[in-house]
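Quick notes on the structure that follows.
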Amino acid sequence: MINPSFQKLWKFTQAKSVSRWEKLGLGILVIAGIGSILRMAEWWFRAQHVGNLWLYLILSFVFWYGMARLIISWVNYLGIKKPVKPETPRGLRVAIFTTSSPGEPLSMFEKTLEACAQINYPHTTYLLDDTRDPEFRKVAEKHGAVWLELVGIPGAKAGKINAALSKTEEDFILVLDPDHIPFPNFLDEVLGFFNDPQVGYVQVSQGYYNQYRSFTALAAAEQTYTFYGPTQMGMHGYNCAVAIGANCTFRRKALETAGGHGVGLAEDLVTAIRIHAEGWKSIYHPVIVARGLVPEDFGSFCKQQLKWARGVHEVLFDEVPRLFSKLSFWQKLSYLTIGTYYLEGFTTLIYLLIPFLYFWTGLLPAQMSFLEFITYGFPVVIFSSAIYLYVQKWLCDPDTEKGIHWRGMIMKFACWPVFFLGFILSLLNKKIPYIPTAKQAVIGSISPFAKPLLIQMALFILTIGIVLYQRIGVLSDVQLLSTAEITYGMLFFALIPFLMASAAMYAVWESGRLDIASPWEKVDILNLLKTKENKEK
């Protein structure tokens, strides 16, 4: 019997429309939030707050880097817009490309190709295969797909897509990852937007059907909810919605003018920026018309994040400078913001080091009252939280996506060493191979990505011991009183990441105890997808 919570994931859902009054309410919150940040800035940059000058400058850079990103995200929300779905034209020539690689489970392709065959709009599905396994050809032909053997093509997934473009003629191509199971109405939801000859691609949301398999899986899904709802809707409003690696439908001419599908670790982002640079419009349609997989174990999740961190920096250092003059203002801001996202690995490291630097050396970057910091920072936290919850009006599947998303925040923190490594590899121009994300939980010894977290936790415990020893048996009453506020303030700032790392260790522990399963085997295509909601055109 199918679990009801699993079954409800297979209903067609979409973000609600945006009313004028809702945008007005959002605007009021954003103005108030920016006001709270400006108030804090006036306090932060007072001359008496400067401690060690160089440390103060570094701390100010990383702190206000975060504040700038926060303001940009709020301004992006002000552009929030849901496109009106045009009538779907008939008679278009449409292809679906999905790729297979050695080691990927054949049974997963059974489900994906079976679902592709159930898509309402006439199309041709192509399996771009380099497994050298004849069973993949049999599965493709069983479900009416065209099997294209593309062995030894450089460029991984993007290379196979470009090779397939030269062997096919369809005018519109849906790039579908093999772990995503499309709904029957997928193409009916996107093709109408191509009535506008300037539209280069149409991106829809991504949803996940294995998100309840583990702490890591649910955390990974939570990190995407706001992005695929209000964030991409805001980017759509500024014509800078980005293409994602799956569930994106391209106009062939747009791909051709951009030089084909971009090759790299962030091939989707490379493709999007090149298409935008050629003057094409992008559409983000906030609907869930497919469900796929997220990593289920800690190690696989971190490997995926490392690939993205390294790939996004490739875009920042290579593509953005080359195409900068051809992008609109909002596109420039968008790609710069996305390209610097993984700098959070560096900024988090700085935040982690500051309390330990004080406890071990006595150095202070800033002479700030902890209580004053809380006083000025609290309104920023309140308005940030209010805006975050307010924009959840526009989640693509509110019934399953609303909430605080605390797991996602924990796993984002847990990946600071991964983000930092990706940044360093980018500076050194060190390449890493394109490795498809694991489709099943990988069980083994503790992930090496957890070791920096264990070191951080051990350093905190050691430091606490030394601080307690000094305050109990070494310092005088006068010294205790004069250093109380700064000591307890620094302990507070060190405690929060310690608790975050401790929570992340649960994901590490759980990852070693997961049962290896094939989630797609629970999907009954005919019973789950052939519902009234998913058959509507």
Side-chain angles (χ1 to χ4, degrees), residues 33-73 313 316-317 336-337 339-381 384 413 416-417 419-424 426-428 452 455-456 459-460 462-464 466-467 470-471 474-476 478-498 500-501:
I34 293 176
S36 71
I37 290 177
L38 293 176
R39 175 174 175 265
M40 188 170 193
E42 185 278 328
W43 171 80
W44 181 281
F45 291 107
R46 293 175 184 174
Q48 65 266 31
H49 288 159
V50 180
N52 180 286
L53 178 60
W54 287 107
L55 292 179
Y56 175 79
L57 292 175
I58 294 172
L59 176 61
S60 295
F61 169 77
V62 299
F63 183 82
W64 290 101
Y65 157 83
M67 290 295 103
R69 292 187 65 87
L70 190 61
I71 292 173
I72 290 171
S73 71
H313 285 128
L316 177 65
F317 295 137
L336 283 173
T337 303
T340 55
Y341 173 81
Y342 291 102
L343 287 178
E344 292 198 13
F346 169 74
T347 61
T348 302
L349 177 61
I350 297 299
Y351 284 132
L352 289 173
L353 289 177
I354 285 173
F356 297 118
L357 193 64
Y358 168 71
F359 290 129
W360 288 88
T361 69
L363 287 174
L364 271 175
Q367 299 285 352
M368 296 178 180
S369 164
F370 175 68
L371 294 178
E372 282 190 11
F373 178 82
I374 296 298
T375 300
Y376 282 89
F378 187 69
V380 178
V381 173
S384 298
F413 171 82
W416 75 260
F419 298 166
F420 183 69
L421 177 59
F423 176 62
I424 295 300
S426 301
L427 292 180
L428 299 176
I455 294 173
Q456 171 201 331
L459 184 59
F460 174 81
L462 175 62
T463 302
I464 286 289
I466 292 175
V467 170
Q470 291 176 334
R471 299 191 73 80
V474 177
L475 300 181
S476 66
V478 174
Q479 290 173 316
L480 287 174
L481 185 61
S482 63
T483 60
E485 183 178 353
I486 185 63
T487 297
Y488 293 123
M490 286 295 184
L491 284 176
F492 175 78
F493 286 123
L495 176 63
I496 292 176
F498 172 79
M500 297 283 279

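- Distance check: Ile58 CD1 to Ile350 CD1 gives 6.0 Å after rounding to the nearest 0.5 Å.
- Screening Phe356, Phe370, Phe359 against Met490 for a side chain to side chain contact (heavy atoms under 4.5 Å, CB included) leaves a single residue, Phe359.
- Here the closest heavy-atom approach between residue Arg471 and residue Tyr488 is recorded as NE-OH, 3.9 Å.
- To the nearest 0.5 angstrom, Ile455 atom CD1 is 13.0 Å from Leu462 atom CG.
- Minimum heavy-atom separation, Phe346 to Phe420: CA-CD1, 3.8 Å.
- For the atom pair Ser60 OG and Met67 CE, the distance stands at 12.0 Å (nearest 0.5 Å).
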(request) Could you check Thr463 against Phe498 for side chain to side chain contact (heavy atoms under 4.5 Å, CB included), going step by step and ending with a plain yes or no? (result) CA-CA 12 Å; Thr463 302; Phe498 172 79; over 6 Å; no
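- Side-chain contact between Val381 and Ser384 is absent, with no heavy atoms from C-beta onward closer than 4.5 Å.
- The minimum heavy-atom distance linking Thr375 with Arg39 is given by the pair O-NH1, 3.9 Å.
- Checked by atom type and distance alone, the side chain of Ser476 pairs as donor or acceptor with a backbone atom of Gln479 at under 3.5 Å.
- Note that CD1 of Ile424 and CZ of Phe419 are 14.5 Å apart. Values are rounded to the nearest 0.5 Å.
- For the atom pair Leu343 CG and Leu349 CG, the distance stands at 12.5 Å (nearest 0.5 Å).
- Nearest heavy atom pair, residue His313 against residue Gly339, reads CD2-O, 3.6 Å.
- Tyr358 has its ring centre no less than 6.0 Å from the ring centre of Phe493.
- Between Trp416 and Tyr351, the distance separating the two ring centers is not shorter than 6.0 angstrom.
- Put simply, the residue from Ile354, Leu57, Asn52, Val50 that forms a side chain to side chain contact (heavy atoms under 4.5 Å, CB included) with Pro365 is Ile354.
- A donor-acceptor pair under 3.5 Å links the side-chain atoms of Thr347 to the main chain of Glu344, judged by distance alone.
- Two residues are said to be in side-chain contact when any heavy atoms from C-beta on lie closer than 4.5 Å; Leu364 and Leu55 fail this criterion.
- Under the 3.5 Å distance criterion, the side-chain polar atoms of Glu485 are left unmatched by any main-chain donor or acceptor of Ser369.
- Between Met368 and Trp43, the closest heavy-atom pair is SD-CH2, 3.6 Å.
- Note on ring orientation: taking the six-membered ring where Trp is involved, the planes of Trp64 and Trp44 are perpendicular (angle over 60°, cut-offs 30° and 60°).
- Under a 3.5 Å cut-off, the side chain of Thr348 and the backbone N or O of Gly345 do not form any donor-acceptor pair.
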(message) Under the criterion side chain to side chain contact (heavy atoms under 4.5 Å, CB included), I'd like the reasoning laid out for Thr340 against Leu316: C-alpha separation, chi angles, the key distance, then a yes or no.
(response) CA-CA 7 Å; Thr340 55; Leu316 177 65; 4.0 Å; yes
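- A pairwise comparison of heavy atoms in Phe413 and Met500 identifies CD2-CB, 3.5 Å as the closest pair.
- No more than 12 heavy atoms of other residues, nucleotides or ligands sit less than 6.0 Å from atom CZ of Phe378.
- Judged by distance alone, with hydrogens and angles left aside, the side-chain atoms of Gln456 form no donor-acceptor pair with the main-chain N or O of Leu352 at under 3.5 Å.
- Expressed to the nearest 0.5 Å, how far CG of Leu353 lies from CG of Leu459 amounts to 8.5 Å.
- Between Tyr56 and Phe45, the ring planes are perpendicular. Angles over 60° get that label, and only those under 30° would be called parallel.
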